[in-house]
K.L.:
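Have a look at the structure that comes next, please.
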Amino acid sequence: MKISTEKLISIYEKMFRIRAFEEKVGELFAKGKLAGFVHCYVGEEAVAVGVCQNLDDKDYITSTHRGHGHLIAKGGITKYMMAELYGKSTGYCKGKGGSMHIADASKGILGANGIVGAGFPIATGAGLSFKYQKTDQVAVCFFGDGASNRGTFHESLNLASIWDLPVVYVCENNMYGEFTPQSRHQKINNISDRAASYGITGVSVDGNDIFAVYEAASLAIDKARKGGGPTLLECKTYRYRGHFEGDPQEYRTKEEIEDWRRKDPIIKLKKHLLENKICDETKINKLEENINKEILEAVEFAEESPNPKPEEALENVYTDIIEEARK
Amino acid sequence: MKISTEKLISIYEKMFRIRAFEEKVGELFAKGKLAGFVHCYVGEEAVAVGVCQNLDDKDYITSTHRGHGHLIAKGGITKYMMAELYGKSTGYCKGKGGSMHIADASKGILGANGIVGAGFPIATGAGLSFKYQKTDQVAVCFFGDGASNRGTFHESLNLASIWDLPVVYVCENNMYGEFTPQSRHQKINNISDRAASYGITGVSVDGNDIFAVYEAASLAIDKARKGGGPTLLECKTYRYRGHFEGDPQEYRTKEEIEDWRRKDPIIKLKKHLLENKICDETKINKLEENINKEILEAVEFAEESPNPKPEEALENVYTDIIEEARK
Amino acid sequence: MKEMTYGKAICEAIAYEMRRDKSVFVLGEDVSIGVFGVTKDLFKEFGPSRVMDTPITETAIIGAAVGAAATGVRPIAEIMFMDFIAVAMDEIVNQAAKMRYMFGGKITLPLVIRCAAGAGIQAAGQHSQSLEAWFTHIPGLKVVYPSTPEDAIGLYLSAIRDDNPVIVVENKSLYAVKGKVEDEFKPIPLGRAEVKREGDDVTIFATGACVSKAMMAANELEKENINCEIIDPRTLFPFDKETLFKSIEKTNKVILVTEENKRGAFSAEVAALIAEEAFDYLDAPIVRIGAINTPVPFSKVLEEYYLPSVEDIKKAVKSIM
Amino acid sequence: MKEMTYGKAICEAIAYEMRRDKSVFVLGEDVSIGVFGVTKDLFKEFGPSRVMDTPITETAIIGAAVGAAATGVRPIAEIMFMDFIAVAMDEIVNQAAKMRYMFGGKITLPLVIRCAAGAGIQAAGQHSQSLEAWFTHIPGLKVVYPSTPEDAIGLYLSAIRDDNPVIVVENKSLYAVKGKVEDEFKPIPLGRAEVKREGDDVTIFATGACVSKAMMAANELEKENINCEIIDPRTLFPFDKETLFKSIEKTNKVILVTEENKRGAFSAEVAALIAEEAFDYLDAPIVRIGAINTPVPFSKVLEEYYLPSVEDIKKAVKSIM
Ligand SMILES: Cc1ncc(C[n+]2csc(CCOP(=O)(O)OP(=O)(O)O)c2C)c(N)n1
Ligand SMILES: Cc1ncc(C[n+]2csc(CCOP(=O)(O)OP(=O)(O)O)c2C)c(N)n1
Ligand SMILES: [Mg+2]
Ligand SMILES: [Mg+2]
């Protein structure tokens, strides 16, 4: 599959933006600037970007607790994201959601989700909505290897399969659910094998290879858009950072992480860009510099933004009712 | 697989007992003698009996809303069952459970269950208990084609697979979940294909062929007993009566039912017994007569038994607390 | 005016909205036939593209309704028996109820969940519960409970047009009960109670199938010169306390009757509100009547003992006169 | 006497029972490490055969615990955050709670479910809820809520030895809080409240993390010559009304403080009980304090506003003096 130069550079940019955002987030968390549960996406960038590069604004995604990467890949704006992580009123959710609930519905992002596996039926419902309205939109559901054991996986893929819904289920198999390796939480190696239970196509690809992800996603999304029904796409990848920021990571070795770093998706793509002369070093440096600047500005924006007023907690529960204030 | 004469006759007896019980239940319901939701097992007898004939008293089963057949196959006593359907104090559950909750824990029957798919994790837990206690007991989970789409199916088979629990999941694929044919509720034909999602063995057999069911169950139960882990066993069968008593059955044709009646598991076995001279007509007639008498006596027992006293409703919620009476 | 059963009224109200608004559709298990037959005529009129039979998959039904509601349509999801809602609690409570709030108010979820609650047909422990208190406790949900065909129509019109997740509790023992309905369908605003009967001596607050039991009790008590006022909140949240408090201000006595297990029932919240905000109106202790605190038993005699009865209401009223 | 954190006390109590009784074991997600570290030392002592890491599978965890409890062992199942219990409601409510009753009393289910409730660590809407009211409403369950390390030990001993399903609510903001515990572990019978502080002027009823907030409020109010009595029920069901009513008989005033969303909270049931059965003791309206009726917001300032505070309690007390 041929990917245009323009697109390839845009892909690199997005992957680098995710990396830069997440490393900054890790740094800020360590400094005590951020609180709550924060799950970083570092190492998995090729998945979100390889998939979302095939989507339009009008397409929808559901994300996970590890959602920053999906948001950025689908067009989320880093300063509103950062402000949300800071709990500021300028954040995507006015400080009400935090990392685990960032969303931008206007960009087709149905939110990060703190409940593992909750995205399956929601994405399925988006697919149902598109089929019902006879649009050509597609819904993508991102989820982890751990999530693939939840009942919602089964019920959703079954429903999508019998109704041929335009949904692509993208498994980010990063080999761990929290502290538990895949081999201890399921007996299979390829999660895509589970597609057989629903009579749909299942595919496994190297999730650190942007070309493999892009191509497989492109086929699946295209098929869904044309009424061909759902696909289960597994991308094998790895997270370098802890399950959440602050995780002491006693359950795995430094060597394992180093091994995976050697398969880094961003370095791989950069090498490809340079070796194939798609882009020269200067241009890449410039691009990286710009993104680094953008992230710094996002932090600045977040830090300078005001906190929400306490009573704002009462708003936004319903469209038409505001809860009673404390007496 | 060779089945002893004695066992074959016992199998026939149990299958016939189920049939006789259920037809009487249908008759009593039509007469207005029974109330609530009653789901009959007529047509599916080979499954329950073929499986349970491989179990000991100390083994456990979980049943479904269509539970009478499982109970009888596992040794349930028809008069206590009938009394329960009548809501009498002599019933298995003192009139508190009714058809959908009949149980006899002393015989390893963890109850019929009104929640479709609720038996999966419960049977899995029984298996966990046996493994934990290092006994050689086995748990069998009966469930329908419709139930195979519930999330509990997925979570339970996954858990049982990674822990190699001694559980056999027996699917009674009677081609319908309520009024919905299998083709409209899942995209696969063989539910046993779903075993692949858990790296376990899946088998499909003719559920109206007692020999096929018995043999497959025997292998699976034996394997589980020896620590070989779970099996998914699908038995293809059919129910002749409505989903529940009173169902007008507009969703299927008389012809379809007639077709299946020609494959009746009891007639088939009877023919086998006679043709192979395992048993003569007189003996079979006697056996059938005795069972018919037993069922009539069960009805009599039920009808003559007293209703529970109203205040008994307050008992048995906890082992140690009795709820306050109405004032 | 015409006569119609509660079940038919629900069907007619949904049909009315489906004709008005193409984005409204129904999904659930066997809804094309319906275990209670409520949606059968919808299927006849609108066919499988708008009345969708699902597999046995409550989690996916509700979750899909959430995803659909978030992307431009207005699903009505059916949970066949309210007891089964236990299977979909994450989708209702952690997703539907919270999504708008967690996203900072930037999404709407026009979503209706129908469910058949209540005992009385010997359906036993897992097919008879009244679980409304779980949902009135959860911010982000509205909860509606019609007690008559007329209310069913008006409340359904409002529920379907509402931009928030609304749970409609239907009492299965009412499906076959007939009542008068206006020829012209009109929405009843969510959050407006109705005085179902006027009286001066005591206020009886009742929901669902308990409303007609309260009516019967009141009619009998009238012969003994006790005049009961009956308040039906119709919407459990948003809750119309004004109408209730006004009544208590007049009668100074209140009996709360719901079909739930009494402990922790929705009626507990109502009692608490009264004890907090209308305490000075009270001349006597509040009396709550509910089901006994046990699972729902199967046997007819036990189920009758389990349920609140007309007799229980009369006794309670007399106990505080 | 020694000092111990609440988290450590829970661990020690479970370890004590596991040593006593081989049929007791623990299962849950990543319990060998523990997101809050509570069970880590159990894993060290008892290994993977008795401290079992499961996949992400709450439905199967609870359902399996039910099946195991029904067949001769005593599982302790962990739900990492109480919010996730929404996923396993069928197993808890339709299975565990009802099985004994529906089977006519012919089975026992010695089963403990642990869950970490409560807000205060900026874990936002799906990791901070207090959902105990769902369970106190359901016949067949017992519900326990320790507020101190000492109570955690005594209540856990009883919960694990109980032959009925017991839900233990742990407040995650207490895990690191230290308290004195007796050297010798002794069970605290379920259903016995404790007077955590004696006083004559007003009764403050509080649960979980609100107990220490009530203590702080009481200490400050003492300086203003207001003497608060603090009642901690410790077990939410079976509920010790006698201890509470005795206190109200003395003080004639009561404030109820829990961390739940106020609407439909467990405190509503307590208020209702008082309004029904201790009405004559009351000199002033009941005041309930809870979280505001919204999902739990992420931002620190919002979460602080959301939660009931020491200040709120003081204000409430003064409002009825
Ligand atoms: C229903 C539910 N159970 C448990 C958790 C706690 N939890 C948060 S993330 C996580 C692991 C998820 O693993 P996986 O799906 O592989 O995603 P990854 O974190 O590896 O990206 C768990 C168990 C949760 N949030 N929701
Ligand atoms: C969770 C749940 N959803 C729905 C129902 C209603 N219901 C009862 S039986 C049934 C069909 C079950 O089909 P299947 O599993 O194939 O069993 P069969 O009745 O064919 O034996 C349904 C939908 C239920 N009891 N529980
Ligand atoms: Mg993972
Ligand atoms: Mg079936």
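Lettering of chains follows the sequences in order, A, B, ..., and the numbering in each one begins at 1.
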K.L.:
Counting heavy-atom pairs under 4.5 Å with chain A, which one of C/I107, C/D90, C/L109, C/T108 comes out on top?
P.N.:
C/D90
K.L.:
Side chain, backbone, both or neither: which part of C/S49 has an atom under 4.5 Å from a heavy atom of chain A?
P.N.:
backbone
K.L.:
Please name the pair of heavy atoms, one in A/G125 and one in C/T71, separated by the smallest distance, quoted to 0.1 Å.
P.N.:
O-OG1, 4.5 Å
K.L.:
Measure A/L128 against the heavy atoms of chain C and call it side chain, backbone, both or neither at under 4.5 Å.
P.N.:
side chain
K.L.:
Indicate yes or no: at least one non-hydrogen side-chain atom of C/L27 is less than 4.5 angstrom from one of A/Y132.
P.N.:
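Counting from C-beta outward, C/L27 and A/Y132 never come under 4.5 Å.
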K.L.:
Which bit of A/A105 is near chain C, if near means a heavy-atom gap under 4.5 Å: side chain, backbone, both or neither?
P.N.:
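The answer is the side chain of A/A105.
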K.L.:
Heavy-atom distance under 4.5 Å to chain A: side chain of C/I138, backbone, both or neither?
P.N.:
backbone
K.L.:
Heavy-atom distances under 4.5 Å only: say whether A/F130 touches chain C with side chain, backbone, both or neither.
P.N.:
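Side chain only.
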K.L.:
Is A/I162 close to chain C through its backbone or its side chain, or both, or neither, when contacts mean heavy atoms under 4.5 Å?
P.N.:
side chain
K.L.:
Among A/L165, A/N113, A/T124, A/T62, single out the residue with the greatest number of heavy-atom pairs under 4.5 Å to chain C.
P.N.:
A/N113
K.L.:
Ignoring hydrogens, what is the shortest heavy-atom contact between C/F237 and A/I321? Give both atom names and the distance.
P.N.:
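Minimum heavy-atom separation between C/F237 and A/I321: CE2-CD1, 4.0 Å.
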K.L.:
With no hydrogens and no angle check, is any side-chain donor or acceptor of A/Y92 less than 3.5 Å from a backbone partner on C/G104?
P.N.:
no
K.L.:
Roughly how far, to the nearest 0.5 Å, is the CZ atom of A/R150 from the OG1 atom of C/T59?
P.N.:
7.5 Å
K.L.:
Can you see which heavy atom on A/I122 is nearest to which on C/Q95, and at what distance?
P.N.:
CD1-OE1, 3.7 Å
K.L.:
With the side chain counted from C-beta on, respond yes when A/P121 and C/E91 share a heavy-atom pair under 4.5 Å apart, and no when they do not.
P.N.:
yes
K.L.:
Report, as yes or no, whether the 6.0 Å neighbourhood of atom NZ on A/K107 holds more than 12 heavy atoms from other residues, nucleotides or ligands.
P.N.:
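Buried by this count: over 12 neighbours within 6.0 Å.
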K.L.:
Could you report the tightest heavy-atom contact between C/A60 and A/S156, atom names first, then the distance?
P.N.:
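Heavy-atom minimum between the residues: CB-N, 4.3 Å.
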K.L.:
Evaluate the side chain to side chain contact (heavy atoms under 4.5 Å, CB included) criterion for residues A/K94 and C/F103: first the C-alpha distance (whole Å), next the side-chain angles of each, then the deciding distance (0.1 Å), finally the verdict.
P.N.:
CA-CA 8 Å; A/K94 304 183 188 162; C/F103 292 2; over 6 Å; no
K.L.:
Who among C/P238, C/P165, C/G67 has the most heavy-atom pairs with chain A under 4.5 Å?
P.N.:
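Sorted descending by pairs with chain A, the first entry is C/G67.
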K.L.:
Measure distances from C/K22 to the heavy atoms of chain A and classify the residue's part below 4.5 Å as side chain, backbone, both or neither.
P.N.:
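Just the backbone, heavy atoms under 4.5 Å.
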K.L.:
Within a reach of under 6.0 Å around OH of A/Y80, are more than 12 heavy atoms found that belong to other residues, nucleotides or ligands?
P.N.:
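Open.
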K.L.:
Look at the side chain of C/Y101 and the backbone N and O of A/K96, then say whether any donor-acceptor pair between them is shorter than 3.5 Å.
P.N.:
no
K.L.:
By a 4.5 Å heavy-atom criterion (distance strictly below it), what part of A/Y60 contacts chain C: side chain, backbone, both, or neither?
P.N.:
side chain
K.L.:
For A/D104, is it the side chain, the backbone, both, or neither that has a heavy atom closer than 4.5 Å to a heavy atom of chain C?
P.N.:
neither
K.L.:
Looking only at heavy atoms, what is the nearest atom pair of A/N316 and C/R100, with distance?
P.N.:
O-CG, 3.5 Å
K.L.:
With a 6.0 Å cut-off (strictly less than), is the heavy-atom count around CZ of C/R192, excluding the residue itself, greater than 12?
P.N.:
no
K.L.:
Tell me which of these, A/N158, A/T152, A/D320, has more heavy-atom pairs under 4.5 Å with chain C than the rest.
P.N.:
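Highest number of heavy-atom pairs under 4.5 Å: A/D320.
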K.L.:
Looking at A/E155 and C/E58, what are the two nearest heavy atoms and their distance?
P.N.:
OE1-N, 3.8 Å
K.L.:
Could you look at C/D163 and say if it's the side chain, the backbone, both or neither that has a heavy atom under 4.5 Å from chain A?
P.N.:
both
K.L.:
If we only count heavy atoms from C-beta on, is the A/L159 to C/I61 side-chain gap below 4.5 Å?
P.N.:
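No - every pair of side-chain heavy atoms lies 4.5 Å or more apart.
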K.L.:
For the pair A/E315 and C/K106, find out whether any cationic side-chain nitrogen is under 4.0 Å from an anionic carboxylate oxygen.
P.N.:
no
K.L.:
Under 6.0 Å from the NZ atom of A/K58, do we count more than 12 heavy atoms belonging to anything else shown?
P.N.:
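Atom NZ in A/K58 is crowded, with more than 12 foreign heavy atoms closer than 6.0 Å.
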K.L.:
Taking A/S129 for the side chain and C/G72 for the main chain, is one N or O donor matched with an acceptor at less than 3.5 Å?
P.N.:
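No, because the side chain of A/S129 does not come within donor-acceptor range (under 3.5 Å) of the backbone of C/G72.
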